[in-house]
Amino acid sequence: MIIRRFEESDAGEVSRLIRTTIRISNTKDYPVELMDALIEEETEEHVLERASWTHFYVVTDEDKIIGCGAIGPYWGKEDESSLFTIFVHPDHQGKGIGRDIVNTLEQDVYFKRAKRIEIPASITGVPFYRKMGYAFKNGVTEPDEEHLIRMEKKRELWDLYDREGKQTGEIFERGFGTYQKIPQGRYHLVSDVLVQNKDGRFLLCKRHMEKDVYPGFWEASAGGSAKVGELPGECARRELKEETGLETDQLDLINVVFREPSHSLIYCYVARVDVDPDSVILQEEETVDYKWVDAAGLIDYSVSDVAIKTSVVRYENFYNVIKLAVQNIHVRKAFSKDVPRVKTLFTEMMRTIYKTDEVEDGYEDGYLDKYFSGTGDFIYVAEAEGEVIAFLSVEEHNENERFIYLDDLSVTEKFRNRGIGRCLIGMAEMYSVQKEIPAIILHVDKENDLAYKLYKRLGYSVITDDGDRMRMKKSQTYTKQESGIRRV
């Protein structure tokens, strides 16, 4: 099969191809008399006239023309174009030839110079064009007075980034599923936005069945790819507005991850809103339904078959906090009044895990004062049944290397093996992301095998052997976001 430019000698065969296809394929959706009138118009002269001001292509198989298509300016405009006369012989339909024709037209100079491309589509062709990424113009889904449905595609260009989160200067054009063609080692910027209303409920939206990724799945986030020149926070706000009609003054950065299969550098946010639950406006071609769920409903969604698991994993630290809240276990920063209980938990850790009674009263007097001095050091605590049941001390370092240091972690025996320690570590990781701190460092005793395995699962790697302890590290990548992002 060959796709080549139209030649004048092709006019007769192209005319016959068009007439045959209309008669067999289009009469399924239109009155016969209307199609008969159209067939009369598709003469050799009409084909030659169309080819005189467009770039016309034909598909040949063993020297027989089995398909055709054209692209030209939209009403003479230099920054808008139209696709015309796309036909595939009925005997060859369903073999990907139509897709090849459109892909060829989208490599043409008329396409590359245009910001917007329109198709005067037949009712028959609409499902195909939607799969190729074309949307209904102005949301109009009914035929016009010419019995055609106007469809369009606005070209989407992406900046590419390297593994360090730096722009490479390369530009990539999105097409249907073309993220798979992004060069190895290059990534496009994506922003995810999980929405929480003032009443504590979370927004779930159902993706359109014709999306090229996860069609028909429910997602707990709005979002999409950043356009050329757009920063992560700007992309997040735009996508939130486009997909839900909602706006936010509080956008909290939760995570930044690379996803290799989709060549994505993903910024994950939580948007706090104060809106009427019925004020959500779904975006045409993106989502088809929505609902608000409470914390328990969000957790149920996260383990369901309709959840997008890759998104759930990206928000894992946030979900872990919600899981504990559902169990009436709440995580917060410690106050000075919590010091006696923190000392008790430290002593319990030394006795039950390290099997030593050398520490009787916990920390020395005044040792914990630095965590309440406002210098960047602090303690996370988990609270249940009116009592602090766990803590993690966090220190911010800005010497030769900027990093977060996780010092002591203790969970009271009654509440162990319930994910509380993991949740506290996740809180520290979210803090580091929000502060754009590039690394988290901790020490683990060699005899504490359970802790070592936990840190390994969470992505920490050994960087030095410090005698009876190992020093472990987890790194993070960032790119510039926007002015006005809230830091927590």
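Only this structure's heavy atoms are used, side chains among them; waters, hydrogens and symmetry mates stay out. Everything numeric in this text was worked out from a predicted model, so none of it was measured.
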Non-neighbouring partners of [X] that pass side-chain hydrogen bond (donor to acceptor under 3.5 Å, both in side chains), sequence neighbours left out:
X: Y405; value: H443
X: R259; value: none
X: D408; value: Y363

So which heavy atom on [X] is nearest to which on [Y], and how close?
X: I149; Y: T141; answer: CD1-O, 3.5 Å
X: I117; Y: R155; answer: CD1-CG, 3.7 Å
X: G69; Y: I101; answer: CA-CG2, 4.0 Å
X: G233; Y: L251; answer: O-CD2, 4.1 Å
X: A390; Y: L345; answer: N-CD1, 3.6 Å
X: D29; Y: T124; answer: OD2-OG1, 2.6 Å

*Judged by atom type as modelled, is there a donor-acceptor pair below 3.5 Å linking the side chain of N197 to the main-chain atoms of G200?*
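No; zero donor-acceptor contacts below 3.5 Å.
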*Exam field: side chain D377 to backbone E396, donor-acceptor pair closer than 3.5 Å*: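 Indeed, once roles are kept as given, a pair shorter than 3.5 Å links the two residues.
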_Qualifying residues under side-chain contact (heavy atoms from CB on, under 4.5 Å), relative to K241, sequence neighbours excluded_ =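 Here the qualifying residues are E247.
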Can a salt bridge be assigned to the pair [X] and [Y] using a cut-off of 4.0 Å between side-chain N and carboxylate O?
X: K206; Y: D289; value: no
X: K131; Y: E210; value: no
X: K181; Y: E173; value: no
X: R113; Y: D79; value: no

State, yes or no, whether a side-chain contact exists between [X] and [Y] at a heavy-atom distance under 4.5 Å.
X: S461; Y: K473; result: no
X: D108; Y: K112; result: no
X: R332; Y: V381; result: yes
X: I22; Y: T27; result: no

Using salt bridge (Lys or Arg N to Asp or Glu O under 4.0 Å) as the criterion, list what pairs up with [X], not counting sequence neighbours.
X: K337; value: none
X: R238; value: E230, E242
X: D300; value: none

How would you list all residue pairs meeting ring-ring contact (aromatic ring centres under 6.0 Å, His included) that involve [range], not counting sequence neighbours?
range: residues 94-122; value: H55-Y110
range: residues 311-334; value: none
range: residues 122-145; value: none

Return a table of donor-acceptor pairs under 3.5 angstrom between the side chains of residues 71-78 and protein atoms on other chains or two or more places apart.
| residue | atom | partner | partner atom | Å |
| --- | --- | --- | --- | --- |
| Y74 | OH | K137 | NZ | 3.3 |
| K77 | NZ | E80 | OE2 | 3.3 |

Separation between [atom1] of [X] and [atom2] of [Y], rounded to the nearest 0.5 Å:
X: I322; Y: I299; atom1: CD1; atom2: CD1; value: 6.5 Å
X: L392; Y: L442; atom1: CG; atom2: CG; value: 9.5 Å
X: F391; Y: K343; atom1: CZ; atom2: NZ; value: 11.5 Å
X: R341; Y: D338; atom1: CZ; atom2: CG; value: 10.5 Å
X: M132; Y: L83; atom1: CE; atom2: CG; value: 9.5 Å
X: R418; Y: I420; atom1: CZ; atom2: CD1; value: 6.0 Å

For atom [atom1] of [X], is the number of surrounding heavy atoms from other residues, nucleotides or ligands below 6.0 Å larger than 12?
X: E399; atom1: CD; answer: yes
X: K370; atom1: NZ; answer: yes
X: D276; atom1: CG; answer: yes

Out of the candidates [options], only one should pair with [X] under the side-chain contact (heavy atoms from CB on, under 4.5 Å) rule; please name it.
X: K153; options: R116, E118, E106; value: E106
X: Y460; options: V444, L454, I425, I441; value: I425
X: R314; options: I254, L194, D192; value: D192

*Hey, mind stepping through L265 and V190 against side-chain contact (heavy atoms from CB on, under 4.5 Å) and telling me if it holds?*
CA-CA 6 Å; L265 168 56; V190 175; over 6 Å; no
_Step-by-step side chain to side chain donor-acceptor pair (under 3.5 Å) determination, Q93 to S25_ = CA-CA 10 Å; Q93 291 174 7; S25 299; 3.0 Å; yes
Using only heavy-atom distances, determine whether the side chains of [X] and [Y] contain a donor-acceptor pair under 3.5 Å.
X: D162; Y: T168; value: no
X: R402; Y: N398; value: yes
X: T412; Y: E348; value: yes

*asked:* side-chain contact (heavy atoms from CB on, under 4.5 Å), that's the test. Do L282 and Y290 meet it? Break it down for me.
replied: CA-CA 8 Å; L282 298 178; Y290 75 91; 4.0 Å; yes
*Let me see the working for E260 and R163 under salt bridge (charged side-chain N to carboxylate O under 4.0 Å, His left out), right down to the final yes or no.*
CA-CA 10 Å; E260 296 295 339; R163 201 61 172 77; 3.4 Å; yes
Name the atoms and distances for all side-chain donor-acceptor pairs under 3.5 Å in residues 218-226, with sequence neighbours left out.
| residue | atom | partner | partner atom | Å |
| --- | --- | --- | --- | --- |
| E219 | OE1 | R207 | NH1 | 3.2 |
| S225 | OG | H188 | NE2 | 3.3 |

*Take Y431 and Y380 through the test ring pair (Phe, Tyr, Trp, His ring centres under 6.0 Å) and record every step on the way to the result.*
CA-CA 11 Å; Y431 174 82; Y380 281 120; 7.1 Å; no
*asked:* Which residue is it: F258, Y161, W158? I am looking for the one with a ring pair (Phe, Tyr, Trp, His ring centres under 6.0 Å) to Y187.
replied: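 Answer to the ring pair (Phe, Tyr, Trp, His ring centres under 6.0 Å) test with Y187 among F258, Y161, W158: F258.
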*Could you walk me through whether M472 and Y452 pass the side-chain contact (heavy atoms from CB on, under 4.5 Å) test, one step at a time?*
CA-CA 9 Å; M472 304 184 75; Y452 171 73; 3.9 Å; yes
